[in-house]
Each structure stands twice: as structure tokens, then as C-alpha cells.
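One structure is given here, and the rest of the page talks about it.
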Amino acid sequence: GENVEQHPSTLSVQEGDSAVIKCTYSDSASNYFPWYKQELGKGPQLIIDIRSNVGEKKDQRIAVTLNKTAKHFSLHITETQPEDSAVYFCAASIGQAGTALIFGKGTTLSVSS
Amino acid sequence: DSGVTQTPKHLITATGQRVTLRCSPRSGDLSVYWYQQSLDQGLQFLIQYYNGEERAKGNILERFSAQQFPDLHSELNLSSLELGDSALYFCASSGSGGAWETQYFGPGTRLLVL
């Protein structure tokens with residue numbers, strides 16, 4: 001079945017460093033790729049998304065790249081801050097309507113000051 | 001705050017019981033989605049409704065059912081509960097339920113089956 005692989009599962013960086021999280025998806029029909037941040041005790045919050053008609057999108061310190069040929073997409077966070085510490089999930093649209101999301105297993109990012 | 005509300009926040013019940021989780025979407029959103037988050041399975045899509053009609057179905061067990069009412073709130077019913085049903089259940093909503101739409105997640109309901 002459809003699958004999204006996410007790496008690494010944990011990531012520790014120093015404040016100010018960059019963090020990169022990578023995902024691979026299996027469904028070639030996937031065309032929407034959101035990234036969510038989940039803090040303890042809260043629901044996932046969208047931080048950035050990319051659609052299949054673009055290869056890169058940036059929003060301040062956050063950027064996402066998409067390689068549809070290789071079925072890879074990545075999240076890049078620059079100048080990390082302690083408040084970036086959370087669990088990050090990648091997701092890909094699946095299903096006939098393309099509305100359901102399949103999520104990766106998550107990456108726990110720890111930013112130490 | 002996403003604007004999606006879920007009740008209750010926590011629920012403790014026994015095996016074999018039935019519970020109902022409630023979700024109110026963001027103002028103006030017509031579509032709701034239900035997800036289950038557990039340590040072993042991660043975040044899994046269960047089902048989507050748009051304006052009262054089922055639109056997409058995921059790995060939802062036959063013991064689980066959902067519906068969306070005319071006022072657009074949704075309920076997820078879980079019956080014959082098993083220990084393995086203990087998880088966080090999230091509701092999300094989006095405008096028209098179409099592809100490429102941002103899904104806004106609620107704070108979740110934590111279910112513990114003893």
C-alpha cells in the first residue's frame with residue numbers, strides 16, 4: 001500500500017544550526033505535500049506545504065523542496081531556535097480524491113541553546 | 001488555536017464499551033477528517049466527510065463509524081472497544097474538502113481503554 005518514509009526519527013542541533021528532514025513517498029499520484037509541527041499535548045499545526053507543480057517553496061526560515069521524479073521531499077529549517085523543538089511530520093496526499101493524507105512516522109527535533 | 005474544537009479532551013473507559021467523540025470544524029469549513037494517532041501506527045487517516053456526505057475512507061475499523069450533521073459538526077463512534085484502541089483521535093477541517101487544501105487540526109481527544 002501507500003507509504004511515506006521519514007528520516008531521521010530524532011535530530012539534535014545547536015541553536016543557529018540548520019535542520020533537514022527527508023521524506024520519501026510511494027504513491028506516484030500524490031500531488032500535495034504538507035509539513036506539520038506537533039508540540040506536546042497539541043494537535044499538528046501546518047508549517048508549510050508544497051504542491052506538485054512547484055519544486056521549492058520558502059517561508060522565512062523554513063523551506064521545502066520536492067523531487068517528483070525521485071519521490072522525495074525535504075524540510076529545511078535554518079537558524080534554528082529552541083522554540084523549533086517539536087515533532088515534525090511530513091505527509092502526502094493519497095486516494096482517488098487526493099484529499100486523504102498519509103503521514104510519516106515523525107522526527108523529534110531538539111534545539112539546544 | 002486552529003479554530004477546530006474537539007470534546008471531550010480525555011476519555012477513560014473499559015473494554016467492550018462504546019464512546020462518541022465530537023468535533024466542530026472551523027467556521028466556514030465544510031469538510032471534516034478523522035485521524036488516529038498511536039505510538040505504533042503513527043498518524044492514520046480514518047475517514048473524511050464533506051457537507052454531510054462521506055468523501056474518502058481510510059483504515060477505519062468496522063467497529064468505528066462517523067457522521068457529519070447538518071450543522072457540520074461531526075461525531076466519531078467507537079464501539080466494542082479494545083485495549084489497542086487507546087490513542088489520540090484528531091479531527092481536522094478544511095474549506096471545501098478538495099485536493100491540495102490545508103487541513104487544520106483540532107487539539108485531539110485522548111482515549112484510554114482499560
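The sequence lines fix the lettering, A, B, ..., with proteins before strands; numbering per chain opens at 1. This is a predicted model, so every value here is computed, not measured. Any value given below was found using the heavy atoms of this structure, including those in side chains, with hydrogens, waters and symmetry copies removed.
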### Query
Should we count CG of A/Leu40 as having more than 12 external heavy atoms under 6.0 Å?
no

### Query
Taking atom CG of B/Leu39 as the centre, does the number of heavy atoms from other residues, nucleotides or ligands within less than 6.0 Å exceed 12?
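It does not: B/Leu39 CG has 12 such atoms or fewer within range.
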
Atom pair [atom1]/[atom2] of [X] and [Y] - distance to nearest 0.5 Å:
X       : Y       : atom1 : atom2 : value
B/Thr20 : B/Asn77 : OG1   : CG    : 4.0 Å
B/Leu78 : B/Leu21 : CG    : CG    : 5.0 Å
B/Thr15 : B/Asp85 : OG1   : CG    : 10.0 Å

Heavy-atom distance under 4.5 Å to chain B: side chain of [X], backbone, both or neither?
X       : value
A/Phe89 : side chain
A/Pro44 : both
A/Leu46 : side chain

### Message
Can you tell me how the ring of B/Phe90 sits relative to the ring of B/Phe105, calling it parallel under 30°, perpendicular over 60° and tilted otherwise?
### Response
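The arrangement is perpendicular - the two ring planes meet at more than 60°.
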
### Query
Is A/Ile21 reachable from A/Val87 through a run of hydrophobic residues whose side-chain heavy atoms are each under 4.5 Å from the next?
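Result: no, two separate clusters.
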
Just by distance, which donor-acceptor pairs between chain B and chain A come in under 3.5 Å?
{"from": "B/Gln37", "atom 1": "OE1", "to": "A/Gln38", "atom 2": "NE2", "distance (Å)": "3.1"}
{"from": "B/Gln37", "atom 1": "NE2", "to": "A/Gln38", "atom 2": "OE1", "distance (Å)": "3.0"}
{"from": "B/Asp40", "atom 1": "O", "to": "A/Lys105", "atom 2": "NZ", "distance (Å)": "3.3"}
{"from": "B/Gln41", "atom 1": "O", "to": "A/Lys105", "atom 2": "NZ", "distance (Å)": "3.3"}
{"from": "B/Gln48", "atom 1": "OE1", "to": "A/Thr99", "atom 2": "OG1", "distance (Å)": "2.5"}
{"from": "B/Trp100", "atom 1": "O", "to": "A/Arg51", "atom 2": "NE", "distance (Å)": "3.4"}
{"from": "B/Trp100", "atom 1": "O", "to": "A/Arg51", "atom 2": "NH2", "distance (Å)": "2.4"}
{"from": "B/Trp100", "atom 1": "NE1", "to": "A/Asn31", "atom 2": "O", "distance (Å)": "3.3"}
{"from": "B/Trp100", "atom 1": "NE1", "to": "A/Asn31", "atom 2": "OD1", "distance (Å)": "2.7"}
{"from": "B/Gln103", "atom 1": "O", "to": "A/Tyr36", "atom 2": "OH", "distance (Å)": "2.7"}
{"from": "B/Gln103", "atom 1": "NE2", "to": "A/Thr99", "atom 2": "O", "distance (Å)": "2.8"}

